[in-house]
Amino acid sequence: MAEYDPQAIEAKWQKSWEAQGAFHADVDPARPEYYVLEMLPYPSGTLHMGHMRNYTIGDAVARYKRMRGLNVLHPIGWDAFGLPAENAAIQHGTHPRVWTNNNIAEMKRVCRRFGFSYDWRREISTCEPEYYRWNQWFFLRMLERDLAYRKRSRLNWCPQCQTVLANEQVVDGCCWRHEDTPVEAKEIEQWFLRITRYADALLEDIAQLEGGWPERVLVMQRNWIGKSGGARVRFPVAGSGDGAAVEVFTTRIDTIYGVTALIFAPEHPLVAKLVAGVKGQAAIETQLTRLRQKILRPAELGTAEKEGIFIGRFAVNPFSGEQVPIWVGNFVLMEYGTGAVMSVPAHDQRDFEFAQKYHLEKPIVVQPAAGAPLSAATLHEAYTEFGRVVDSGPYSGLPSEQAIERMTADAQAKGFGEARTIYRLKDWGISRQRYWGTPIPVLYCERCGLVPVPDEQLPVLLPLEVKLTGMGQSPLASVPEFVNATCAKCGGMARRETDTMDTFVDSSWYFYRYTDPHNSRAPFDREPVRYWFPIDQYIGGIEHAILHLIYSRFFCKVMRDLGLVDHSEPVLRLFSQGMVLKGGAAMSKSRGNVVGAIEMADRYGCDTARLYSLFAAPPEKDLEWSEQGIEGCSRFLHRFFRIVNRHAERLRGVTVGNPGPADLASATPKEKRLMRKAHQTLRRVTRDFESRWHFNTSVALVMELVNELQAQEPLEPDASPAVVKEVFELLTLMLAPMAPHLAEELWEMLGHPSGLQTAAWPAYQPQLAEEEHVEVVIQINGRLRGKILVEAGLSEEELVERARADPRIAQLTAGRRVVKTIVVLNKLVNIVVG
RNA sequence: GCGAGGAUGGCGGAAUGGGCAGACGCAUCGGCCUUAAAAGCCGAAGGGGUGAAAGCCCCGUGAGGGUUCGACUCCCUCUCCUCGCACCA
């Protein structure tokens with residue numbers, strides 16, 4: 001072959017790998033395993049270089065680990081259920097299944113074109129009954145354990161579409177399809193998974209992930225779980241005979257003597273009861289109605305005006321006995337805490353502002369531990385720090401921490417409060433009024449009520465004949481053959497649940513299925529999971545930092561408690577790769593800045609596209625795609641091919657021994673230079689793969705070595721064929737994880753008939769990397785003043801002597817007093833003069 | 001406001017158990033090859049000063065200070081950027 005022809009080479013080796021089953025991995029207890037996985041892709045149809053970068057990183061690691069002798073599991077599959085398929089179906093009249101399968105076919109083609117080393121026997125697609133039946137199975141197990149339950153709850157509703165929207169479809173408080181139509185809250189009965197039961201476990205086990213996961217992901221998860229410790233306190237309503245009380249949650253019970261109001265969320269059920277019979281009831285109710293329309297949506301929190309109204313009732317502060325007015329405020333969240341708060345203007349900034357607006361008092365009950373005491377008259381913002389409690393009856397004088405402890409204990413002893421921990425994390429609403437998802441396997445029987453579908457009736461098949469309008473009720477509700485069913489208990493008439501599951505359920509456990517993808521008796525067997533799990537390296541975008549990555553942690557813990565797995569965390573190490581940008585923005589069809597994967601493979605070859613993905617930036621950083629940049633990588637691979645090609649013929653029969661220090665002693669200067677440089681490169685590239693994952697520097701190092709080879713041309717006659725071949729082989733092996741097709745080709749050209757699949761990552765030999773001579777920098781007062789080339793390993797004294805002997809240094813130091821001399825062996829001499 | 005990360009040539013980025021700042025690549029310029037171009041190959045190049053040139057000197061890693069013989073690297077203060085969280089009681 002005369003020139004590097006990526007298209008031909010890539011097709012040739014892909015065929016060969018396929019025929020060999022080169023990337024098939026099976027359980028083998030005798031061998032150590034390595035499970036590397038890229039996040040389950042959604043088959044949207046197009047694959048651009050943003051996707052390919054992700055897979056290239058995973059593939060480089062998979063191939064490297066294989067060369068290190070590990071049994072590597074590297075699977076792929078498709079997150080095949082979901083809304084885009086349904087929308088495409090409505091728009092184009094294609095069935096979601098057809099649309100999805102076409103996309104999968106196309107994406108497979110691209111993945112194969114890039115030669116990713118997947119074990120295709122393990123491919124899964126979540127929209128197939130063989131897969132989603134296990135979603136249903138898990139759901140039933142959760143139902144048995146009260147981890148799945150039904151509840152009315154507020155959802156996002158678009159009045160134009162006449163349908164419920166997922167949170168992801170709400171953009172700035174409006175429907176994604178009707179940007180001027182604010183989403184309304186609508187109460188709907190739906191299914192939840194009780195992830196909050198695992199809130200503490202999810203939080204505590206983050207400690208296990210420390211070091212293996214990016215810190216920012218852990219921070220996001222901690223925030224999301226939002227644990228907060230405090231107390232619940234009941235304020236009895238004044239003049240109510242029935243023992244009614246306003247219950248609040250507070251993290252600062254130490255400020256309770258400073259309470260000036262209790263404020264309810266507008267939709268709190270107690271409000272109507274309390275308003276009944278008060279003076280001016282009609283006027284208050286009118287105001288309440290108005291206020292309820294101003295319940296703040298998440299997008300408005302923080303910016304919108306806070307409003308409140310006094311409802312004409314008082315409650316009694318159980319600590320001080322004082323009467324406290326009861327208000328309703330549009331900023332109090334029904335979903336958090338108890339749906340009511342105690343307002344302490346002096347020690348909470350929000351309460352402070354509320355008190356300003358409505359002219360409430362701001363009694364100070366905590367003073368700073370040091371410094372000038374605060375006075376209510378001059379307070380211009382809330383004092384929210386801990387300090388010393390004052391004007392608080394028997395607690396006066398205590399530090400906040402102690403006051404919190406004692407007041408909580410006393411509240412408990414006297415029966416009007418107790419310590420409480422609450423979480424921001426809410427249960428996971430999984431019902432979707434959509435077609436293209438897993439049917440929720442329950443029946444509603446007139447006689448028996450809610451009846452789970454028995455295991456032996458799984459899967460509850462998603463009917464393929466269905467009319468999709470994108471409007472109103474769940475599409476499945478309009479399929480009588482689906483809806484009408486027989487009660488599994490009494491045999492009578494029953495209605496099937498017509499909602500489908502959130503697709504995040506599918507992706508919460510898929511990586512277990514890869515270990516046993518064709519199991520028809522269970523989601524997976526214990527043995528393969530025990531061998532392969534936990535995942536050694538998971539790779540994906542930061543956008544899943546909380547959703548997918550918290551759901552799958554939750555699933556893992558449920559599976560552990562079901563006795564299915566014996567670990568608590570599914571993923572040991574998480575890597576979050578940067579985006580690929582074009583023109584400073586993420587690639588998207590609508591922006592028209594997509595760099596197609598196939599297009600790049602056709603123009604340059606996939607090895608070049610891969611190499612550039614690894615070279616242009618460290619993998620965790622965003623990468624700006626540059627046409628000239630990828631050309632540079634193309635030039636490099638061509639150059640490397642040519643140089644090997646020039647010598648391959650002659651080298652084919654040459655045997656490379658296992659060169660050692662002895663060989664170096666008898667080597668020519670050119671040979672020494674090449675061997676040293678090659679082993680120095682190997683040392684650093686190995687380090688990059690083992691720890692830092694800075695593939696950009698690995699590529700740079702390989703380029704440097706090729707430049708060195710080129711600089712040494714002609715290689716003959718001063719370098720023996722064995723040495724040249726050794727260097728070529730090292731280069732080829734180092735390049736193999738990054739540009740695998742070219743590496744295979746060169747490996748073959750160098751006379752290896754068995755292919756790279758059986759080749760091992762070369763062992764770095766420190767002796768071969770050692771330099772005989774080193775350049776030592778000479779500084780005077782820390783400033784560079786000269787360089788000398790000396791034998792490696794000179795002592796401090798010798799180095800100083802050589803440095804002072806340098807004519808220029810001698811001249812510069814002549815007549816000056818040497819205060820001291822600092823020596824870094826093999827590197828530097830710094831002469832400090834007075 | 002809280003939290004995490006970041007700021008290095010014209011550009012992407014190298015170099016941190018403190019020790020030659022700018023590896024590698026892109027773009028640029030010059031040369032070789034060619035009738036010419038492309039490709040390829042060789043070479044130059046942070047900014048400024050001085051010099052015919054080799055060279056030499058000064059400045060330089062967001063800003064200011066500190067520690068040190070020596071700071072992109074460590075410490076303090078500040079500015080800006082990116083991301084996440086945020087009436088969370």
Side-chain angles (χ1 to χ4, degrees), chain A residues 3 214-224 226-228 230-231 248-253 255 262-263 265 296 298 300-304 306 329-333 335-344 347-354 384 422-424 542-543 545-546 576 581 611-612 615-618 620-633 635-636 638-639 642 684 694 696-707 710-711 713 775-787 808 818-833:
Chain A
E3 253 302 306
E215 187 57 31
R216 59 178 171 153
V217 174
L218 299 181
V219 169
M220 279 190 238
Q221 293 218 349
R222 276 194 205 98
N223 288 343
W224 187 261
K227 181 175 182 168
S228 123
V248 300
F249 173 80
T250 178
T251 55
R252 291 298 302 275
I253 196 172
T255 65
L262 298 174
I263 310 174
L296 300 181
E300 299 166 329
L301 292 174
T303 52
K306 294 172 192 58
N330 66 339
F331 57 91
V332 179
L333 305 173
E335 301 82 35
Y336 188 76
T338 61
V341 299
M342 63 180 214
S343 182
V344 186
H347 303 294
D348 180 286
Q349 189 57 28
R350 182 202 53 212
D351 294 342
F352 183 92
E353 285 158 24
F354 190 76
T384 58
I422 62 168
Y423 300 87
R424 212 180 70 97
I542 191 70
E543 67 275 13
I546 31 190
S576 203
L581 311 177
L611 194 74
Y612 179 66
F615 175 63
E620 71 278 6
K621 283 189 69 172
D622 287 352
L623 178 163
E624 174 67 32
W625 193 265
S626 142
E627 215 43 47
Q628 283 115 358
I630 190 173
E631 301 245 3
C633 285
R635 276 197 286 272
F636 165 70
H638 274 93
R639 193 161 72 233
R642 272 195 303 270
R684 297 178 60 191
H694 277 197
N696 56 327
T697 56
S698 307
V699 177
L701 289 162
V702 168
M703 285 174 168
E704 270 191 73
L705 182 52
V706 172
N707 290 348
Q710 190 141 334
E713 287 271 33
E775 192 176 58
V776 170
V777 168
I778 308 171
Q779 297 179 335
I780 294 175
N781 290 349
R783 304 187 66 98
L784 176 68
R785 283 297 180 264
K787 296 173 184 180
R808 186 165 133 73
V818 174
V819 179
K820 65 169 148 176
T821 314
I822 288 109
V823 177
V824 181
L825 289 178
N826 289 332
K827 250 187 194 160
L828 163 141
V829 177
N830 185 13
I831 301 166
V832 185
V833 297

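The sequence lines fix the lettering, A, B, ..., with proteins before strands; numbering per chain opens at 1.
In this structure A:F249 satisfies the ring pair (Phe, Tyr, Trp, His ring centres under 6.0 Å) test with no other residue, sequence neighbours excluded.
Among the heavy atoms of the strands lying under 4.0 Å from A:R350 is at least one base atom, whether or not backbone atoms are also near. Using a 4.0 Å heavy-atom cutoff across all strands shown, A:T251 reaches sugar-phosphate atoms only and no base atom. Note on A:G632: only backbone sugar-phosphate atoms sit closer than 4.0 angstrom, heavy atoms only; bases stay farther off. As judged by a 4.0 angstrom heavy-atom cut-off over every strand, A:P618 is placed among residues touching the sugar-phosphate backbone only. A:R635 comes within contact range of the sugar-phosphate backbone alone, with a heavy-atom separation under 4.0 Å but no base atom that close. Within 4.0 Å of A:V832, counting heavy atoms only, lie sugar-phosphate atoms of the nucleic acid but no base atom. Backbone-only engagement by A:D622 is indicated by non-hydrogen atom pairs under 4.0 Å involving sugar-phosphate atoms exclusively.
Look at the P atom in both B:A71 and B:C81: the space between them is 30 Å, to the nearest Å. A gap of 39 Å separates the C1' atoms of B:A27 and B:C75, to the nearest Å. Comparing the C1' positions of B:G46 and B:C72 gives a spacing of 15 Å, expressed to the nearest Å. Taking the P atoms as reference points, B:G6 lies 23 Å from B:G10, given to the whole Å. Across the P atoms, B:C24 and B:C42 are found 13 Å apart, a figure rounded to whole Å. A distance of about 16 Å separates the P atoms of B:G70 and B:C58, rounded to the whole Å. Distance check on atom C1': B:C33 versus B:C26 gives 24 Å, rounded to whole Å. Atom C1' of B:G60 sits at a distance of 14 Å from the matching atom of B:G49, rounded to the whole Å.
Rounded to whole Å, atom C1' of B:G13 lies 12 Å from atom CD of A:E620. One atom, CD of A:Q349, and another, C1' of B:C88, lie 16 Å apart when rounded to the nearest Å. If you measure from atom OH of A:Y336 to atom P of B:A89, you get 4 Å, rounded to the nearest angstrom. The CZ atom of A:R216 sits 10 Å away from the P atom of B:G6 (whole-angstrom rounding). For the pair A:L611 CG and B:G25 C1', the computed distance is 11 Å after rounding to whole Å. Atom OH of A:Y612 is separated from atom C1' of B:G12 by 7 Å (rounded to the nearest Å). Between A:N223 atom CG and B:C83 atom C1' the separation is 12 Å, expressed in whole Å. Separating the CZ atom of A:F636 from the P atom of B:G40 is a distance of 14 Å, rounded to the nearest angstrom.
Remark: RNA chain B takes part in the stems B:1-7 with B:79-85, B:10-12 with B:24-26, B:28-32 with B:40-44, B:46-50 with B:55-59, B:62-66 with B:74-78, each of 3 or more antiparallel Watson-Crick or G-U pairs, criterion distances under 3.5 Å.
Comparing atom distances between the A:R785 side chain and each of B:C58, B:C83, B:C42 picks out B:C58 as nearest. Considering only side-chain atoms of A:V341, the nucleotide from B:C83, B:A86, B:A89 that sits closest is B:A89. When distances are taken from the side chain of A:V219 to each of B:C42, B:C88, B:G3, the shortest belongs to B:G3. With B:C57, B:A89, B:G13 as the candidates, the nucleotide lying closest to the side chain of A:S228 is B:A89.
Using a 90° window around 0 for the glycosidic torsion, B:G18 falls outside it and is classed as anti.
Residues A:I253 and A:A231 share a closest heavy-atom pair of CD1-CB, 4.0 Å. Between A:V833 and A:N781 the shortest heavy-atom distance is N-OD1, 2.9 Å.
Between A:F615 and A:F636, the gap from one ring centroid to the other reaches at least 6.0 Å.
Of the side-chain N and O atoms in A:K621, none sit less than 4.0 angstrom from OP1 or OP2 of B:G6. Taking only side-chain nitrogens and oxygens, A:R783 comes nearer than 4.0 Å to OP1 or OP2 of B:C59. Taking 4.0 angstrom as the limit, A:Q710 places a side-chain polar atom (N or O) nearer than this to OP1 or OP2 of B:C41.
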**OP:** For the pair A:Q221 and A:I546, evaluate side chain to side chain contact (heavy atoms under 4.5 Å, CB included) and give the outcome as yes or no after the intermediate values.
**Re:** CA-CA 6 Å; A:Q221 293 218 349; A:I546 31 190; 4.1 Å; yes

**OP:** Carefully, step by step, assess A:R424 and A:N223 under the rule side-chain hydrogen bond (donor to acceptor under 3.5 Å, both in side chains).
**Re:** CA-CA 8 Å; A:R424 212 180 70 97; A:N223 288 343; over 6 Å; no

**OP:** Step by step, work out the side chain to side chain contact (heavy atoms under 4.5 Å, CB included) result for A:E3 and A:R642.
**Re:** CA-CA 7 Å; A:E3 253 302 306; A:R642 272 195 303 270; 3.5 Å; yes

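Residue-to-nucleotide proximity on RNA chain B shows that, of A:K820 and A:G629, the 5′-proximal contact is made by A:G629.
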Distances under 3.5 Å between protein N/O atoms and the N/O atoms of nucleotides 15-24 of chain B, please, pair by pair.
unit_1 : atom_1 : unit_2 : atom_2 : d
B:A15  : OP1    : A:R692 : NH1    : 3.0
B:A15  : OP1    : A:R692 : NH2    : 3.0
B:G19  : N2     : A:Q779 : OE1    : 3.0
B:G19  : N2     : A:N830 : ND2    : 3.2
B:C20  : O2     : A:K787 : NZ     : 2.5
B:C20  : N3     : A:E775 : OE1    : 3.3
B:C20  : N4     : A:E775 : OE1    : 3.3
B:A23  : O2'    : A:E704 : OE2    : 2.9

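Annotation: A:R785, atom CZ; neighbour count of heavy atoms from other residues, nucleotides and ligands within 6.0 Å is above 12.
Formation of a donor-acceptor pair under 3.5 Å by the A:N830 side chain with backbone atoms of A:G782 is found in this model. Proximity of a side-chain donor or acceptor of A:Y612 to a complementary backbone N or O of A:E627 within less than 3.5 Å is not detected.
The structure places CD1 of A:I831 at 10.0 Å from CD of A:Q779, a figure rounded to the nearest 0.5 Å.
Ion pairing between a basic and an acidic side chain is recognised when a charged N comes within 4.0 Å of a carboxylate O; A:K827 and A:E775 show no such pairing.
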